[in-house]
Every structure is written in structure tokens, then in C-alpha cells.
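Remarks on the structure that follows.
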Amino acid sequence: MNDPTRGEAVDQPWRGEVCAVFAAETAGVEMHAVTAAQLVAGVGMEGDRYALGKGHYSHLWHPDRQLTLIAQEVIDDVARAIGEPIDGVELRRNVVTRGVPLNSLVEKYFAVGEAIVYGGRLNVPCRYLERLIDKKVFEPLLGCSGLNCQILRGGTVRPGDVVRPLRPGEENAIEVPVALVGKDAG
């Protein structure tokens with residue numbers, strides 16, 4: 001059986017959900033759960049460090065860093081691998097999903113709540129995260145550290161929202177945000 005959270009080929013339709021939404025105002029501070037977040041096309045999650053240009057990697061701006069997702073299934077696997085509890089907030093991704101084939105969504109458009117995003121590239125774990133949370137998560141996260149996305153159509157996202165592939169033709173209504181064009185050109 002294919003496990004959609006581990007990057008295996010998905011041979012059936014999928015539909016997942018948002019389990020949690022997290023934000024932090026600046027690099028290194030504790031992330032906090034939010035009941036709802038506004039995703040701004042071409043910018044990021046309103047109030048989050050990367051949308052504000054205050055993230056650890058903000059000096060390496062990239063449009064795929066507007067929103068980060070990680071699977072709850074991966075978080076559970078990491079907790080087993082390190083032998084201690086770990087929560088999604090500690091892994092410093094904006095959205096925790098369940099039942100979403102994140103590794104299969106690179107170069108794909110999909111909906112997260114009201115927003116439409118583009119799966120730009122897989123997230124790569126870093127030693128900075130290990131130092132910040134004092135847990136050995138680097139190796140267990142290799143190859144499954146989440147998905148970095150561009151926000152193409154903004155909207156609200158909250159726990160319980162559906163994460164789904166786009167319906168046929170739905171991607172035709174997406175316009176690339178001006179913020180993406182301007183940053184790539186410079």
C-alpha cells in the first residue's frame with residue numbers, strides 16, 4: 001500500500017486536512033498555534049516571520065518559503081525515532097496536515113483551506129532546528145521534512161480545513177502575484 005506522506009507514488013485521489021496552524025513573529029522565538037491565519041498571495045502568512053522578512057533564512061529570499069507544511073504522520077514517526085514526544089509546533093512549519101501526500105506535491109497546485117498554493121520544493125531539515133529545540137530531529141526528517149510552497153491565491157486557513165488537489169481547470173484561474181514577479185526580477 002502506498003503511504004502518501006512518505007513520497008511514494010499516489011495512485012488514488014486524496015483529500016487531507018489541516019491539523020494545526022503555527023506562526024512566529026521573528027526568527028528563533030517560539031511558534032504559537034493560531035485559530036486562523038490569513039495567507040497573502042506572493043507574501044506569506046500574515047504576521048509570520050517570513051512574511052515579515054524576519055525569519056532565520058529571510059536573507060536567502062525564495063518564493064517557495066511563503067508557507068511550509070509538514071505531515072502529522074511524519075511528526076509521529078520522528079517522535080518514535082527519537083524516543084520522545086515532539087509536537088508540530090517544535091518543527092517550525094506553518095501548517096500540519098494529515099492524509100496529504102506532501103512529497104508528491106512538488107511542482108503541483110493544490111488548495112489549503114481557501115488558498116491555492118504551489119508546491120515549490122521539499123523542505124530540507126537543518127541543524128539550526130536541532131539546536132533551537134534541543135532534539136535530534138535532523139536525520140529522522142531527511143526526505144520528509146515537509147513542503148515549501150508559494151501562495152498563489154490568498155485566503156484563510158484554519159485547523160479542520162480541507163487540503164485537496166485542484167479540480168480540473170481550477171489552476172487556469174490562478175494569476176502569479178506581482179510580488180513574485182518583482183522579487184524574481186531583482
Side-chain angles (χ1 to χ4, degrees), residues 2-24 31-52 55 61-76 88-89 91-124 143-184:
N2 292 340
D3 179 355
T5 65
R6 286 297 189 178
E8 296 178 25
V10 177
D11 55 7
Q12 58 200 27
W14 59 271
R15 184 178 177 93
E17 70 173 316
V18 173
C19 299
V21 182
F22 301 111
M31 293 189 77
H32 57 276
V34 296
T35 56
Q38 186 64 32
L39 304 184
V40 180
V43 177
M45 180 186 291
E46 200 169 86
D48 186 63
R49 64 207 184 279
Y50 286 103
L52 299 170
W61 187 88
H62 194 282
D64 296 343
R65 213 173 259 127
Q66 294 170 16
L67 183 70
T68 55
L69 292 83
I70 191 164
Q72 181 62 53
E73 297 87 346
V74 168
I75 296 168
D76 295 342
V89 71
L91 296 179
R92 304 189 64 78
R93 307 296 182 265
N94 298 121
V95 175
V96 176
T97 65
R98 182 183 322 278
V100 179
L102 293 178
N103 281 25
S104 299
L105 295 177
V106 174
E107 298 184 359
K108 302 274 193 303
Y109 300 94
F110 59 101
V112 178
E114 298 173 352
I116 293 180
V117 302
Y118 175 77
R121 59 188 171 146
L122 294 178
N123 188 290
V124 178
C144 58
S145 187
L147 183 64
N148 293 352
C149 300
Q150 296 176 31
I151 302 168
L152 301 179
R153 186 181 77 198
T156 304
V157 63
R158 58 183 54 88
D161 278 353
V162 171
V163 182
R164 63 172 176 80
L166 296 187
R167 293 179 283 277
E170 195 174 3
E171 72 278 358
N172 296 333
I174 301 169
E175 294 182 27
V176 177
V178 174
L180 292 182
V181 175
K183 292 225 179 180
D184 284 342

Open item on the list: I'd like to know if the side chain of Asn94 reaches the main chain of Thr68, judged simply by a donor and an acceptor atom lying under 3.5 Å from each other, with no hydrogens or angles considered.
Closed with: yes

Task: Test applied, side-chain contact (heavy atoms from CB on, under 4.5 Å); reference residue, Val112; option that passes from Asp161, Val157, Val162 - done: Val157

Open item on the list: Once rounded to the nearest 0.5 Å, what's the spacing between atom CG of Leu166 and atom CD1 of Ile116?
Closed with: 5.0 Å

Open item on the list: Taking Ser145's backbone N and O only, do any of them form a donor-acceptor pair with Arg93's side chain (distance below 3.5 Å, no angle check)?
Closed with: yes

Open item on the list: If you define the side chain from C-beta out and look only at heavy atoms, does anything of Asn103 sit under 4.5 Å from Leu122?
Closed with: yes

Task: His32 side-chain N/O to Phe22 backbone N/O, donor-acceptor pair under 3.5 Å - done: no

Open item on the list: Return the CG to CD distance between Leu39 and Glu114, rounded to the nearest 0.5 Å.
Closed with: 9.0 Å

Open item on the list: Do Pro159 and Thr35 make a side-chain contact, defined as non-hydrogen atoms from C-beta onward lying under 4.5 Å apart?
Closed with: no

TODO: Identify the two heavy atoms, one from Gly88 and one from Val96, that lie closest to each other, and give their separation to 0.1 Å.
DONE: CA-CG2, 4.1 Å

Open item on the list: Minimum heavy-atom separation for Ile151 and Met45, please, with both atom names.
Closed with: CD1-N, 4.2 Å

TODO: Assign the ring pair Tyr118 / Tyr109 to parallel, tilted or perpendicular, where the plane angle (0 to 90°) is split at 30° and 60°.
DONE: tilted

Open item on the list: Give me the atom names and distance for the closest heavy-atom approach of Arg49 to Met31.
Closed with: NH1-CE, 3.4 Å

Task: Pairwise side-chain contact, Arg158 with Val18, heavy-atom cut-off 4.5 Å (strictly under) - done: no

Open item on the list: Please find the pair of heavy atoms, one from Ala115 and one from Gly155, that lie closest to each other, and give the distance.
Closed with: CB-N, 4.1 Å

TODO: Kindly determine whether Leu147 and Val106 satisfy side-chain contact (heavy atoms from CB on, under 4.5 Å), including the steps that lead there.
DONE: CA-CA 8 Å; Leu147 183 64; Val106 174; 3.9 Å; yes

Open item on the list: Using the rule side-chain contact (heavy atoms from CB on, under 4.5 Å), only one of Val100, Leu105, Thr97 pairs with Leu69; which is it?
Closed with: Thr97

Open item on the list: Can you confirm whether Arg65 sits close enough to Arg121 that some side-chain heavy atom of one is under 4.5 Å from a side-chain heavy atom of the other?
Closed with: yes

Task: Main-chain N/O of Gly99 paired to Glu73 side chain as donor or acceptor, under 3.5 Å - done: yes

Open item on the list: Treating Glu17 as the side-chain partner and Arg98 as the backbone partner, does any N or O pair qualify as donor plus acceptor under 3.5 Å?
Closed with: no

Task: Inter-residue atom distance Asn123.CG - Cys149.SG, 0.5 Å rounding - done: 10.0 Å

TODO: Return the minimal non-hydrogen interatomic distance between Val163 and Trp14, and the atom names on each side.
DONE: O-CZ3, 3.3 Å

